[in-house]
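Beneath this line is the structure, given in structure tokens, with notes to follow.
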Amino acid sequence: MIQFEARPGILDLGWGHPRPELLPTAEWGVAAGEALRVFGWQALTYGYAAGPRPLTEWLAARLARIEGGDPDPDALFITAGASHALALLASVLAEPDDVVLVDSPTYHLAFQILADARVELREAGDDLAATIRDLRAQNRRIAFLYLVPTFANPTGRSLPPDRRRALVEREDLTIVEDDTYRELVYDEAVAPPSLWRMAGGRNVIRIGSFAKTVAPGLRLGWISATPALVGRLAGLGYVHSGGGVNHTTAVTMAAFGASGAYDRHLTRLRESYRDQRDALATALSVEPPPGGWFLWLPVPPGRTATGLLTAAEQHGVSFVPGPHFYLDRRGGEDRIRLSFSLLPPGELTEAARRLRLALN
Ligand SMILES: Cc1ncc(COP(=O)(O)O)c(C=O)c1O
């Protein structure tokens with residue numbers, strides 16, 4: 001029925017999944033009823049190619065509210081989640097054998113999405129300019145750079161302002177910014193400006209998702225792009241044939257947003273995930289990240305992330321070892337990713353106790 005599989009006796013910090021009690025089952029039911037009442041049969045037929053206007057208008061206004069700038073619904077294309085957005089962009093922006101540059105570490109499940117487009121993945125490296133120069137000297141075409149600059153998976157960290165400025169000032173590189181965690185920001189922290197907004201959309205395409213802020217099962221996300229690229233995406237064969245993606249879910253999301261349910265839900269999520277983050281970070285005596293779902297914990301000298309996993313599972317706790325987040329697993333044995341999204345604070349405290357036993 002579902003992707004997550006609970007393993008008896010294991011407190012699993014490996015899954016970046018929401019805590020089941022925080023999924024808005026009742027509120028989503030209300031929004032579905034509201035969408036059918038307001039939009040009638042139009043909620044159930046083939047949808048507008050770029051996504052239904054009630055959703056793109058609400059989302060454009062929301063993005064402008066949280067990050068400044070003018071709302072522009074024509075710069076949005078609704079997708080079946082961030083993963084679908086990335087797959088789509090790879091399919092339209094890259095030719096087979098192009099290079100796509102990736103961060104190290106980065107969101108591990110993006111590797112396969114990109115590889116499915118038959119591109120070659122390369123690490124951007126510490127010196128991006130040199131990487132680009134070397135590739136171009138070999139006549140390699142770089143389709144884009146993929147990165148998660150805000151409350152990143154797996155590190156929880158955000159790219160500092162000078163690195164953001166340097167990226168958006170590059171005229172010669174398309175950047176795909178995965179902005180999945182922007183709204184999951186805790187305490188008084190403020191998410192840094194998106195590369196998309198800083199660049200005025202010039203060389204940056206942003207992908208976003210309702211998977212973390214509402215529910216993964218919606219399969220609903222978006223692409224912020226120029227109206228020209230939105231037009232190109234809207235003209236793809238499967239959209240022409242089948243209409244906008246996940247139309248009924250998209251109009252329900254519009255109702256969920258317009259009614260204020262999204263704002264109320266997000267307030268509750270932020271409090272709950274903050275408490276979960278604090279429970280895990282406090283029990284492990286590490287600095288809590290200002291946003292996102294993850295702690296990126298250093299492994300003590302002399303141990304490896306992979307070796308620690310075996311010991312940890314014997315003590316009844318699990319996580320994702322660092323190498324998963326590096327291209328071809330070249331690196332990361334000195335780190336593990338712990339997700340605090342799935343379990344309530346009490347279980348996170350117990351998970352940390354077990355992890356400490358494995359560490360010792
Ligand atoms: C950085 C990042 N991008 C994309 C996704 C997947 O998003 P979606 O469920 O909308 O496809 C995740 C989920 O773990 C993620 O962490």
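Both ligands and their constituent atoms are indexed starting at 1 by order of listing.
- For atom 1 (C) of ligand 1, the closest non-hydrogen atom on the protein side is Asp178 OD2, 3.3 Å.
- Between Arg219 and ligand 1, at least one pair of N/O atoms sits closer than 3.5 Å.
- The aromatic rings of His108 and Phe325 are tilted relative to each other, their planes meeting at an angle between 30° and 60°.
- Residue Tyr181 has at least one heavy-atom neighbour below 4.0 Å for each of these atoms of ligand 1: 1 (C), 13 (C), 14 (O), 15 (C), 16 (O).
- Considering backbone and side-chain atoms together, Ala80 places no N or O closer than 3.5 Å to any N or O of ligand 1.
- Side chains of Arg206 and Arg182 form a contact here, defined as non-hydrogen atoms less than 4.5 Å apart.
- The pair Asp134-Arg122 fails the salt-bridge criterion, with no side-chain N (NZ, NE, NH1 or NH2) lying under 4.0 Å from an Asp/Glu carboxylate O.
- Under a 4.0 Å criterion applied to the non-hydrogen atoms of Ala211, ligand 1 contributes the atoms 9 (O), 10 (O).
- Below 3.5 Å of separation, one finds an N or O of Lys212 facing an N or O of ligand 1.
- Between Tyr238 and His84, the angle of the ring planes goes over 60°, which puts this pair in the perpendicular group of the 30/60° scheme.
- Here the heavy atom of the protein found nearest to atom 10 (O) of ligand 1 is Ser209 OG, 2.6 Å.
- Atom 7 (O) of ligand 1 has as its closest protein heavy atom Ala82 CB, 3.6 Å.
- Between Trp222 and Phe210, the angle of the ring planes lies from 30° to 60°, which puts this pair in the tilted group.
- A salt bridge links Glu183 to Arg62: at least one charged side-chain nitrogen sits closer than 4.0 Å to a carboxylate oxygen.
- Rounded to the nearest 0.5 Å, atoms CG (Asp178) and OG1 (Thr150) are 9.5 Å apart.
- The shortest contact between atom 6 (C) of ligand 1 and any protein heavy atom is with Ser83 OG, 3.4 Å.
- Close contacts between ligand 1 and Thr180 involve ligand atoms 2 (C), 3 (N), 4 (C) [criterion: under 4.0 Å to a heavy atom].
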